[in-house]
2 protein chains.
Amino acid sequence: MLKHLFNCEHTGRMSGDERREQILRAAVALFSQKGFKGTTTKEIASAVGISEAMVFRHFASKEELYRALLDAKVSGEDKPVFPWETCDDLKRAIEDKDDLAFFYNIALEAMKKHQEDVPFMRLMFYSALEDHSLAEQFFHEFVSRVYDFIGGYIAERQRDGAFREVDPKIAVRAFLGMMIHHSLNNLLWDKRRRLLDIPLETAAKNFAEIMVNGIRA
Amino acid sequence: MLKHLFNCEHTGRMSGDERREQILRAAVALFSQKGFKGTTTKEIASAVGISEAMVFRHFASKEELYRALLDAKVSGEDKPVFPWETCDDLKRAIEDKDDLAFFYNIALEAMKKHQEDVPFMRLMFYSALEDHSLAEQFFHEFVSRVYDFIGGYIAERQRDGAFREVDPKIAVRAFLGMMIHHSLNNLLWDKRRRLLDIPLETAAKNFAEIMVNGIRA
DNA sequence: GCGAAGTAAGTAATCACTTACTTACCGGCG
DNA sequence: CGCCGGTAAGTAAGTGATTACTTACTTCGC
């Protein structure tokens, strides 16, 4: 019957690995919506369409399922791709020392990713509030690289005499604050009427201009 | 025995109103630490030192207790005080049209409050994630007034020709982003080693300078 | 002595997790 | 080719603990 060729669609028996990832996907969606305590193992099972016992065949406990899911998101196969590794516009901005383009492209790429992976953002936020240790690991592996990269560019431009003397880390925090806060507003108040409903490009452009030039005329 | 004069300390019988507020205080601490689903009514009761049934004499349900607590925090007796109503330095900055002082004092006052009432901040973030409707009410009553105030100042300075033409709302979001993101970092990673550990005054000063002048030399 | 503060001991529902069992798949042997 | 047996996928029906919430009762203060 060649069922195994279509096992991503049919509802019958499935290989262990596929089922495991199916459970993980359902768990991500549910945990990110309702948090760890707010999600039940029964909900996860019926979201996949299997019995609750199958969840516990693949994961020893609800906690382990949560850890596996955070671990996959944080350091898994689809490792976090940093914008400066893929975005040609950003590479060109660095070469040309085009400060506005530098901040614009970072903000745009970051906010695009936030918008694409809302469940991941919510998951990080939940686990930070709920004090799961993997969130700390993430912030010290991923975020500190972001600080180093942007801070490194700022330090270089300071040596050029193009930027005034500020602690680069504080400048990075200010800039990250603009874009993360904007993403956060969008994902938390998504379905409701927003205080500020603008295209990502407009936001990125304005944040870059404020970062470089401020709002003084 | 005049026990009623000391009823905030003794462990015996207490008046209804006092007990009610005692329950609310304990609930704030617990809900803000572990979220709505993560906190049990039994925990709240034993934190106060009473039986669980007493919680349900004062509040019809756990949900109603949570709503009462959010309501008290958001629109209760200690109404949110806006920095421009109390801070003389800020009033003077507005009169003098001292832009740096304007942003500095707002950032400083706001971040001070965030630091003083961490439970309130955590409560807001939890209820935003958990989609409690009172968080929406808060953000449209409180935050929109902040947008109006800061945005109003920016618009005035644009008419003066002192600020360039930007959508004031975007500028407000950028500025709020810097300070809220900084407060968030502090409260989420409080006990652990931080990426950036600086006094509030330093942060406020740098955020104001970036907001007004950017980082260009 | 009456009403309000207070509790012990429940309730049914739900939680994470287990046990005992059944079913489908697949490779190898006759 | 067929059939067979081991193994892994799958489930129904539980487990005791915990949940939010109640009831029936007691105790204190004015």
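Per chain, numbering begins at 1; letters A, B, ... match sequence-line order. All of these numbers come straight from a predicted model, not from anything done at the bench.
Regarding B/M14, its CE atom lies at a distance of 16 Å from the C1' atom of D/dT27, rounded to whole Å. Rounded to whole angstrom, the span from the CD atom of B/E43 across to the P atom of D/dT18 amounts to 12 Å. In this structure, NZ of A/K37 is placed 14 Å from C1' of D/dA20, rounded to the nearest angstrom. Atom P of nucleotide D/dT15 and atom NZ of A/K42 are separated by 15 Å, given to the nearest angstrom. The interatomic distance linking A/F31 (CZ) with C/dA16 (C1') rounds to 11 Å, in whole Å. Atom-to-atom, CD1 of B/I23 to P of D/dA20 comes out at 15 Å; the value is rounded to the nearest Å. Going from atom CZ of A/F56 over to atom P of D/dA13 covers 19 Å, rounded to whole Å.
Within residues 58-67 of chain B, the residues having any heavy atom closer than 4.0 Å to DNA chain D are, in order of number, B/S61, B/K62.
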Do nucleotides 7-13 of chain C as a string where each nucleotide becomes B, S or -: B if the base has a protein heavy atom under 4.0 Å, S if just the sugar-phosphate does, - if no protein is that close.
BB-----
List the steps, then state whether salt bridge (Lys or Arg N to Asp or Glu O under 4.0 Å) holds for A/E116 with A/K112.
CA-CA 6 Å; A/E116 283 163 13; A/K112 266 187 197 168; over 6 Å; no
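By the 4.5 Å heavy-atom criterion applied to side chains, A/L196 and A/I198 are counted as neighbours.
A distance-only check finds a donor-acceptor pair linking the side chain of B/N105 to the backbone of B/A101 [under 3.5 Å].
Residues B/Q22 and B/R19 have side chains that bring a donor and an acceptor to within less than 3.5 angstrom of each other. Residues B/H58 and B/R20 have side chains that never bring a donor and an acceptor to within less than 3.5 angstrom of each other. Side-chain contact, B/Y104 with B/D89: no donor N or O sits under 3.5 Å from an acceptor N or O.
Both tests do not hold together for A/K169 against A/Y147: distance to the six-membered ring centre under 6.0 Å, angle to the ring axis within 45°.
Within a 6.0 Å sphere centred on CD of B/E64, other residues, nucleotides and ligands contribute more than 12 heavy atoms.
Listed candidates were C/dA16, D/dC21, C/dA5. Nearest to the side chain of A/T40 is C/dA16.
Taking the six-membered ring where the residue is Trp, B/Y153 and B/F103 present perpendicular rings, their angle passing 60° and hence far from 30°.
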